[in-house]
J.: 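First the structure, which I've put down as structure tokens, then a few questions once you've had a look.
Atoms considered below: every heavy atom in the structure, side chains included; atoms not considered: hydrogens, waters and symmetry mates.
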Amino acid sequence: MGGTGGGLVYNVEELRVIAGRGIQASLVGQVLIEESVEGWEELELEVVRDAKNNMITVCFIETWTPWACTRAIHTAWRPCSP
């Protein structure tokens with residue numbers, strides 16, 4: 001997550017420092033702590049479904065987006081059929 005007081009930490013000492021800054025910056029004295037997905041890849045599948053709920057994967061898309069900056073706008077590429 002980003003914003004005032006946000007940060008990414010790698011050990012308990014850094015967590016205490018960054019969380020302390022976040023609590024000080026917070027209007028309600030709270031912070032949200034989540035597990036990082038740094039290093040993960042975001043993958044998408046294009047799926048077609050028919051009236052009988054049968055599904056097939058039409059296309060596999062690799063998405064290139066920094067996780068922290070996703071705003072429903074991203075760069076994706078997929079194989080092209082001749």
Side-chain angles (χ1 to χ4, degrees):
M1 303 301 286
T4 302
L8 187 63
V9 301
Y10 298 95
N11 57 52
V12 174
E13 184 178 319
E14 291 177 351
L15 175 61
R16 288 186 180 122
V17 171
I18 298 297
R21 288 181 193 160
I23 291 169
Q24 288 177 351
S26 171
L27 297 176
V28 294
Q30 297 178 356
V31 294
L32 173 64
I33 298 176
E34 296 183 311
E35 184 177 351
S36 174
V37 293
E38 181 180 37
W40 288 25
E41 273 189 60
E42 181 181 0
L43 304 173
E44 296 180 24
L45 299 172
E46 294 290 331
V47 178
V48 175
R49 182 185 317 213
D50 67 12
K52 294 183 180 180
N53 207 29
N54 296 311
M55 293 175 275
I56 60 168
T57 302
V58 176
C59 186
F60 176 81
I61 303 171
E62 186 172 354
T63 305
W64 185 72
T65 306
W67 283 88
C69 299
T70 300
R71 292 193 174 102
I73 300 171
H74 54 263
T75 303
W77 56 91
R78 56 185 160 195
C80 295
S81 300

J.: Could you grab the distance from atom CD of E34 to atom CG of L8, nearest 0.5 Å is fine?
T.: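 Reported value, rounded in 0.5 Å steps: 12.0 Å.
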J.: Determine whether V9 and V17 make a side-chain contact, defined as any pair of heavy atoms from C-beta on separated by less than 4.5 Å.
T.: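 The answer is no; the side chains never approach within 4.5 Å.
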J.: Rounded to the nearest 0.5 Å, what separates atom CD1 in I33 from atom CG in L15?
T.: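 Spacing of CD1 (I33) from CG (L15) equals 5.0 Å.
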